Amino acid sequence: MYSDLVLEHFSNPRNVGSIPDADGVGLIGSSICGDMIKIFIKVKDNRIGDIRFQTFGCGAAIATSSMITEMVKGKTMEEARGVTNEAVAEALGGLPPGKMHCSNLAADAMNKALDDYEGKGPRKSRKPLIDKGFGVRGGREMPSEEMKRPPER
Amino acid sequence: MYSDLVLEHFSNPRNVGSIPDADGVGLIGSSICGDMIKIFIKVKDNRIGDIRFQTFGCGAAIATSSMITEMVKGKTMEEARGVTNEAVAEALGGLPPGKMHCSNLAADAMNKALDDYEGKGPRKSRKPLIDKGFGVRGGREMPSEEMKRPPER
Amino acid sequence: MERKTVYMDHAATTPVHPSVLEAMLPYFSRSYGNPSGIYGIGQEARKAADEARATVSSILGCRPSEVIFTSGGTESDNAALKGAAFALKEEGNHIITSTIEHHAVLNTCQYLEKVGFEVTYLSVDQFGMVNIEDLEKAITDKTVLISIMLANNEIGTIEPVSEFAKSAKANAEHSRILFHTDAVQGASVLDLDVDKLGVDMLSLSAHKFHGPKGMGVLYLREGTRFIPQQTGGAQEGNRRAGTENVAGIVGTAAALRLAAENREASSRHCQRLRDRLIEGILTRIEDTYLNGHPTLRLPNNANISFRYVEGEAILLNLDLQGVSASSGSACTAGTEEPSHVLLATGISPEMAHSSLRFSVGPANTDDEIEYVLSVLPGIVERLRAMSPLVAARERNGGNDV
Amino acid sequence: MERKTVYMDHAATTPVHPSVLEAMLPYFSRSYGNPSGIYGIGQEARKAADEARATVSSILGCRPSEVIFTSGGTESDNAALKGAAFALKEEGNHIITSTIEHHAVLNTCQYLEKVGFEVTYLSVDQFGMVNIEDLEKAITDKTVLISIMLANNEIGTIEPVSEFAKSAKANAEHSRILFHTDAVQGASVLDLDVDKLGVDMLSLSAHKFHGPKGMGVLYLREGTRFIPQQTGGAQEGNRRAGTENVAGIVGTAAALRLAAENREASSRHCQRLRDRLIEGILTRIEDTYLNGHPTLRLPNNANISFRYVEGEAILLNLDLQGVSASSGSACTAGTEEPSHVLLATGISPEMAHSSLRFSVGPANTDDEIEYVLSVLPGIVERLRAMSPLVAARERNGGNDV
Ligand SMILES: Cc1ncc(COP(=O)(O)O)c(C=O)c1O
Ligand SMILES: Cc1ncc(COP(=O)(O)O)c(C=O)c1O
């Protein structure tokens, strides 16, 4: 299903983590796809200095997150904006068709981080930054007690 | 498909042929089933003396024809009338379901021969005696010339 | 002593070729994964199915995405007709087909008639050929679908489908009429290139070309409007739900490739044997007649009427001598009606009931033909001796039983 | 070095049992005849198919004539719903089903809605159970068909189908409501006696019980009104046209017999392993939750949500370690929507996306369970370390990312 390169990035993702004093933070998510990508950047001389990501998502979501951090590191803001979701997928040797729309959002998260840095987004907001909110579909957020109980013998 | 007994009667049918000076002749046929059974009887002392059949039809039609001639030979008229299509099929160890209605008509032909003998039918008529006439569905009766030609090389 | 067996019913079904079975075997108990599984053996199955699709598409001259694997020729025919008709029913409700189609097409058309479609059943000439002018005349501005078979399963007549498709599209008043062909009988002997044929949909059945039973192919041209007839999971590009029969799919592709590779040699071989058989029967047994077209026929098909005797009776005797053939189509063997195809060519019910189909295959030999020709005359003679029709003929020329 | 493989996706598909494959083999290239052929190898095939039908009927507790062989669970579900609904549409146009059915049922119901039927989708409780009072309340005098699955394929919940069927028939205002159950997941562990279940129609899929893919069974109670959905030849008692997949039919029967014979032992074995697995996960990995019913569940099913991590990411890692499982249902793996079944039990999309299904089989061992339990915590930990949700929880309890 996934190319070797995708699996390699998935197994050994680059630049995982967060940056506590980030200059920009971008978050994107979709409850349909079940993916959420958060990207942290440090900017130095109008270039991306440090970059980290946190991702809740499938193999493609993790691999694209990892890949984009590699692709934009050291790039200028403008260059970084030029990196599209498609370019990320291409750099990974392609993604399965079903994964092209849903799980290929790393560049969007990246752009949000740039927006955040440039003051375009809801900067440093303490409100959740998720686009298509998780948990918007009805349902208890917390699992019931029964779910924690191993089956009776 | 067919029981061994059916195949045996089919392979070695008893009493095939015609009786030129028959006392009764019964014919039954159906263009749907593609079966035609003709039964000839000679009567002696109110009993069936000689009996012969001619059949155009499938395995079941031939086997039931053969079987009924064996079953009624030497029987009185009344006894012979008592032999039903079902009894013939049973005596043969059963027939495939698809063959029970269409190809199990020997007893009917037999009854027609008895009718003929007793003067109930269109006796000694020179008209065809077929029930559901052959060739009633349109179509050229004679094959065309092309049908007789082997394929060109 | 082993009983001699001569199989001459390849139009009914064929043995799975040993190399086809070998190709299938890994997908039963080893690479048995569900192609939807993301793990190893799931992906092995997915890869095998993808490769099979690519193989089939290369033989049909189409894209892999235009190939739908089904459970047989019958499902392919059903899906094509219903899938297209229901998709187009706002555009028009008229369907054209022929009187000699397989029941998978005919009975489906009858079903469609019950739910509001109108169907024209084109008649055929004495050779089983559909007339192109009849087809053109039948087209109305309500016509949305035409289905004419590539070759007939009973009499072997080959229809000029590419001409029909071209003409139908040219004559269509409105934008577009979909053209489907049931190519089930053509797979091992005819060119299946869908562009040359000019068709939008095409049906195949794997067991007719040494593939497994329970597998078919539906070619569906990209952009063809279609409502899936089997709904559920997203398999087959959302056009045919259900866990993929991976072994069957692999076997179908292997068999179709084999058929394509051997098409010419096999056709030549079959035709030579077939012609020997026909000539032998027509010259050695009197009152026998070839049904179907004398030349435009499947190279492996010989359909012959043996006047005065019923087909099944000959068949049973042949079977007792180890020869397998069929009377009418195998599919209708459950019923006793005379073949609708033979009646459509204009012969009488009696002659239809007297017909036998021999369909040879690549494994048949000259010796086997000779064997059939050696046993057949005696069988026919013996049955004629007990036929009331022969007796009648002798009396007065056959008009009075 | 051979890669360790631990297959725990038996709900998606199972390997064909070697004895089943062996039973099938003669019908590919040796006794390959068309069952409609009257000659030797045709009759051999017919006999094999008849015997298979008798075997299946004895396990379902029905007559052989009530067994229809199909191309899979999906076809059985489609045929049952459409075949019955179309047959009864003069009587009423209301259908009742549940929100947790397989897509083969749900999407077919949606199709039926498009052509004029009304469908009530009963919701389930947090364990995935349909409520019998809901069912009774949903019945109107237009209701003609109810379809509730015997056991769910994702969360394993077993529905009290026999109670539903009894109550539905008792509550029916008018003469008779047909009851169908999708028993695809129950075949190897539950009693399939159709009279005890009280159903009119029941679907099975052979590859779920170590039979071949592309084969299914539809039980159709005698006298049930039904319009065949696949038309053509007279096969399957005129209820399902198409040349019989003899090898597949033989394999289906062999596999079902095996399943019936081993049902108790296999269920016990699976349940023991399954319970070890669940207990191991819930105790060794924090923030994990069992989906479905704690006790009324298929003995081989463990469906668990691993909070903060996405199911596919775990699966991929498991696969790299040689473990095969699934997230959501394999059939929906093509899409990315969270499982409709999990959402129906009321959990959040996030928790639905975090779920994994392990379904064990008779060949799984204690060692394999131990192996899974040894690799899983590390995988989850590693993925949680990169999850934005964990970071958020640490900051403020998880309500703010
Ligand atoms: C021309 C034609 N169409 C369709 C079919 C149906 O194929 P199947 O029986 O494999 O479904 C057959 C054979 O039975 C056939 O000969
Ligand atoms: C409950 C249920 N119903 C129906 C099906 C469909 O069966 P198949 O994919 O074999 O057609 C499945 C499995 O996919 C299932 O789990």
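Order of the sequence lines sets the chain letters (A, B, ...), proteins ahead of strands, with each chain counted from 1. Keep in mind that this is a model prediction, so the values were computed, not measured.
Contact annotation: the side chain of D/P388 never approaches that of A/F53 to less than 4.5 Å [non-hydrogen atoms, C-beta and beyond]. Side-chain contact between A/F56 and D/V390: absent, with no pair of heavy atoms (C-beta onward) separated by less than 4.5 Å.
Note that the CD1 atom of A/I62 and the CG atom of D/L316 stand 8.5 Å from one another [nearest 0.5 Å]. Atom CE of residue A/M36 and atom CD of residue D/E310 lie 11.5 Å apart, to the nearest 0.5 angstrom.
By the 6.0 Å contact criterion, CD on A/E86 is enclosed, its count of non-hydrogen atoms from other residues, nucleotides or ligands being greater than 12. Counting heavy-atom neighbours within 6.0 Å of A/D4 CG, excluding the residue itself, gives a total of 12 or less. Around CD of D/E381, the count of heavy atoms belonging to other residues, nucleotides or ligands within 6.0 Å does not exceed 12. Within 6.0 Å of CD in A/E78 there are more than 12 heavy atoms belonging to other residues, nucleotides or ligands.
Both the backbone and the side chain of A/F10 come within contact range of chain D, judged by heavy atoms closer than 4.5 Å. For a residue to count as touching a neighbouring chain, one of its non-hydrogen atoms must lie under 4.5 Å from one of that chain's; by this rule D/D287 does not touch chain A. Both the backbone and the side chain of A/S11 come within less than 4.5 Å of a heavy atom in chain D. Neither the backbone nor the side chain of A/I37 comes within contact range of chain D; no heavy atom of the residue lies under 4.5 Å from a heavy atom of that chain. For chain A, the nearby part of D/R382 is the side chain; its heavy atoms alone come within less than 4.5 Å.
Using modelled atom types, no side-chain atom of D/E312 and backbone atom of A/G57 make a donor-acceptor pair closer than 3.5 Å.
Per-residue counts of heavy-atom pairs under 4.5 Å with chain D were compared for A/G17, A/S18, A/A60, A/P13; the largest is that of A/P13.
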